[in-house]
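Structure, as structure tokens:
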Amino acid sequence: PAAEAERELTDGFHLVIDALKLNGIETIYGVPGIPITDLGRMCQAEGIRVISFRHEQNAGNAAAIAGFLTKKPGICLTVSAPGFLNGLTALANATTNCFPMILISGSSEREIVDLQQGDYEEMDQLAIAKPLCKAAFRVLHAADIGIGVARAIRAAVSGRPGGVYLDLPAKLFGQVMDAEAGAKSLVKVIDPAPAQIPAPAAVDRAMELLKGAERPLVILGKGAAYAQADDEIRTFIEKSGIPFLPMSMAKGLLPDTHPQSAGAARSTALKDADVVLLVGARLNWLLSHGKGKTWGDAPKKFIQVDIEPKEMDSNVEIAAPLVGDIGSVIAALNARLDGSWKVPPAQWTETIRTKKEANIAKMAPKLLKNSVPMDFHSALGALKNVIKERPDALLVNEGANTLDLARGIIDMYEPRKRLDVGTWGVMGIGMGFAIAAAVESGKKVLAVEGDSAFGFSGMEVETICRYNLPVTIVIFNNNGIYRGTDTDPTGRDPGTTVFVPGARYDKMMEAFGGVGVNVTSPDELYRAVSAAMDSGKPTLINAEIDPAAGSESGNIGSLNPQSVVKKK
Ligand SMILES: Cc1ncc(Cn2c(C)c(CCOP(=O)(O)OP(=O)(O)O)sc2=O)c(N)n1
Ligand SMILES: Nc1ncnc2c1ncn2[C@@H]1O[C@H](COP(=O)(O)OP(=O)(O)O)[C@@H](O)[C@H]1O
Ligand SMILES: [Mg+2]
């Protein structure tokens, strides 16, 4: 009938796009393929920026760090089964690091999967995703797309942020429905990450502990960086006068050169502190679970600020749990820093300062060597200056020596500029993080990569060239994992941790129209990186590092099990 012909229709494709746009999603990171190739094309046509990768793990890592940087869930779009599985590592890593992202994967029809009838790329993706992420949803009817996308967004960013899986079976996209009803089914999420105000009694309890402290210490974690409560945090640190220790991705919340930074006196600060205020930092392996020689013998009292109530007492007793969002909690603490507050005894702050200056002085000569071949310290001395001159550049970092030494040597000056391997210490985040950092911030990006670490995501240099992103990659080429000197005792093969001697990764970049440079000295490295950052062109610098430099597993060699049995 005529009415039917006039009735305007919409479909699953359009409802997914409309739901994402309604909720402010501007970018999608993914790899095309059945059944989502057309969805990607239609997203692009409707003004969503679609960044297509060479492997879903890198697209997922990009989505995760986009979430960390923007507080909006990063979106990763993949095909079913193998594409979904490739995205899962990034989804699990995002959940571990509390980065908000949504992995959207096409999937097979339930009736075929549930009868295991052997569909193209058949897999029960929802069941497989559930244990690895914060929440997982599947949508079967077009009319449910609006609520499904809304649920995924709120699950990703509310409370403790994390990874969410959204399963969209192929037939959903083609389902049609009345356009007006479709529009009504969409949900614009209101206040997706509500403030969580701390109880006044909890704030009072924490303040009492701090007032009674002789040697207080604040530890800022990546939750404090994510919260974007930068002014509140700076005010609290500077008004209280308490020394602070930034965890890796919290560096730059206050400059590493700040007089109250205890970064270069980390071991003294952790050992001697008597009251420790954790702000968005878990007492996990990165902080030796709050126990053992790292924390010395002096009894410690922990105050913990976290949005996740269950995090309290995870490793050691928390004397003052402060549950809430960091912005609200630190604001409440600032309100109590009144005339009665006394800054910590000079004896404590002086101890930290002198220890810090001694450590910096000890390190200084190592950073100035203009030696060939370079070692990690002399190469990092050059990059330290590059970031000092470009404090608004984002720094991506992964490797073992390349990671551990860069963390302490390259000072950061602004929040959310250092993006690295995070809580898992996972290799492979490099190019995905670099791409999303450039896309989301519009700023220059410097990726400092171990040669092994780079290898996990290196194919994305083509992606970086294709979108002409201002990414400068520096590969610390020490010809191997940890070092480049291992050999096969049987003489048959290369050692298990070495690579092709004299590898020239810079040639890879030239293959895709980017700039490739090979450098052997810190001065050459400094000049090449500065020129690359000025040019804004995709550049890969192959920095030759002495293969004998460095140590196995960087700072965490003790985590390796040792064999006590000597084979006859
Ligand atoms: C996914 C994954 N695979 C393997 C590892 C083990 N691993 C590996 C393979 C590293 C690479 C170290 O070599 P590099 O060249 O990146 O850095 P340096 O040579 O400068 O130490 S660091 C590390 O913990 C890991 N952390 N994550
Ligand atoms: N906005 C927020 N308010 C309060 N806590 C937060 C917020 N965002 C994240 N968090 C918490 O921050 C913590 C981050 O800890 P972690 O990843 O261990 O940091 P780091 O590795 O830097 O020490 C998590 O426990 C998470 O629940
Ligand atoms: Mg290496």
Side-chain angles (χ1 to χ4, degrees), residues 57 67-68 71 89 93 95-100 134 157-162 193-196 198 219-229 245-251 253 278-287 304-312 314-315 322-330 375-376 379-380 397-406 418 420-430 448-457 475-485 496-499 503 543 545-547 549-557 559-560:
Q57 175 172 291
F68 171 74
K71 298 183 82 173
T89 307
N93 187 55
T95 306
T96 302
N97 283 279
C98 313
F99 298 157
K134 181 178 172 189
V157 295
S158 62
R160 168 181 277 179
Q196 315 250 279
I219 298 182
L220 299 170
K222 57 175 161 309
Y226 173 79
Q228 295 192 27
L245 191 61
M247 300 300 283
S248 193
M249 284 178 60
K251 281 166 62 84
L253 270 173
L278 297 160
V279 184
R282 284 171 287 196
L283 273 177
N284 56 19
W285 74 280
L286 287 163
L287 283 170
Q304 184 152 21
V305 178
D306 206 297
I307 202 162
E308 172 50 66
K310 295 201 307 295
E311 188 55 34
M312 307 302 160
S314 64
N315 285 268
L322 244 180
V323 178
D325 74 271
I326 283 167
S328 302
V329 171
I330 303 298
D375 60 19
F376 291 100
L380 286 167
N397 187 212
E398 59 178 347
N401 296 291
T402 301
L403 172 83
D404 288 338
L405 293 168
R418 182 183 159 88
D420 66 27
V421 301
T423 303
W424 257 356
V426 66
M427 293 302 111
I429 51 92
V448 180
E449 300 277 302
D451 46 344
S452 164
F454 170 74
F456 288 79
S457 67
I475 293 182
F476 278 10
N477 187 347
N478 65 338
N479 189 41
I481 299 178
Y482 312 129
R483 274 189 295 262
T485 52
T496 56
T497 58
V498 300
F499 300 131
I545 302 285
D546 178 358
S551 63
E552 175 105 350
S553 291
N555 293 352
I556 57 172
L559 294 182
N560 271 318

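First listed ligand is number 1; within each ligand, the first listed atom is number 1.
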Out of [options], indicate the one that has the non-hydrogen atom closest to [atom].
| atom | options | answer |
| --- | --- | --- |
| atom 22 (S) of ligand 1 | Glu552, Glu449, Met427 | Met427 |
| atom 1 (N) of ligand 2 | Ala227, Ala229, Pro309 | Ala227 |
| atom 3 (N) of ligand 2 | Ile326, Val305, Ile219, Leu220 | Ile326 |
| atom 20 (O) of ligand 1 | Asp404, Asn479, Asn93, Thr402 | Thr402 |

Would a 4.5 Å heavy-atom cut-off, applied to side chains only, mark [X] and [Y] as touching?
| X | Y | answer |
| --- | --- | --- |
| Tyr226 | Cys98 | no |
| Met427 | Val421 | yes |
| Ser551 | Asn401 | yes |
| Phe499 | Ile481 | yes |
| Glu398 | Phe456 | no |
| Asn397 | Thr402 | yes |

Donor-acceptor under 3.5 Å (Asn477 side chain, Asp451 main chain): no
Give the minimum heavy-atom separation between [X] and [Y], together with the two atoms involved.
| X | Y | result |
| --- | --- | --- |
| Phe454 | Glu449 | CA-OE1, 3.4 Å |
| Ser328 | Pro198 | CB-CD, 3.9 Å |
| Lys134 | Thr95 | N-CG2, 3.8 Å |
| Ala224 | Val279 | CB-O, 3.6 Å |

Atom name in Asp451, limited to N/O/S, at shortest distance from the Mg ion (ligand 3):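 Of all N, O or S atoms belonging to Asp451, OD1 is the one nearest the Mg ion (ligand 3).
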Any Gly324 heavy atom less than 4.0 Å from ligand 2: yes
Ligand 2 contact by Ala250, heavy-atom criterion under 4.0 angstrom: no
N, O or S of Gly480 under 2.8 Å from the Mg ion (ligand 3): yes
N, O or S atom of Asn401 closer to the Mg ion (ligand 3) than 2.8 Å: no
Are any of the N or O atoms of [X] closer than 3.5 Å to those of ligand 1?
| X | result |
| --- | --- |
| Gly425 | yes |
| Glu398 | no |
| Gly399 | no |

Please work out whether any backbone atom (N, CA, C, O) or any side-chain heavy atom from C-beta onward of [X] is under 4.0 Å from ligand 2, and answer side chain, backbone, both or neither.
| X | result |
| --- | --- |
| Thr423 | side chain |
| Lys222 | both |
| Cys98 | side chain |
| Leu286 | side chain |

Proximal atoms of ligand 2 relative to Tyr226 (non-hydrogen, under 4.0 Å):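 It comes down to these atoms of ligand 2: 8 (N).
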Proximal atoms of ligand 1 relative to Ala400 (non-hydrogen, under 4.0 Å):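 So the answer, numbered in order with elements, is 12 (C), 17 (O), 18 (P), 21 (O), 22 (S).
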Distance filter under 4.0 Å to Phe376 heavy atoms, resulting ligand 1 atoms: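 Every atom of ligand 1 under 4.0 Å from some heavy atom of Phe376: 20 (O).
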So is [X] close enough to ligand 1, meaning a heavy atom under 4.0 angstrom away?
| X | value |
| --- | --- |
| Tyr482 | yes |
| Gly428 | no |
| Phe456 | yes |

Under 3.5 Å side-chain donor-acceptor pair for Arg483 and Thr497: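 Not at all, the side chains of Arg483 and Thr497 share no donor-acceptor pair under 3.5 Å.
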Side-chain ion pair, Glu311 and Arg160, N-O less than 4.0 Å: yes
Do any nitrogen or oxygen atoms of [X] lie less than 3.5 angstrom from nitrogen or oxygen atoms of ligand 2?
| X | result |
| --- | --- |
| Met247 | no |
| Glu311 | no |
| Arg160 | yes |

Region of Asn478 engaging ligand 1 - heavy atom pairs below 4.0 Å: side chain
Nearest non-hydrogen protein atom, atom 16 (P) of ligand 2: Arg282 NE, 3.5 Å
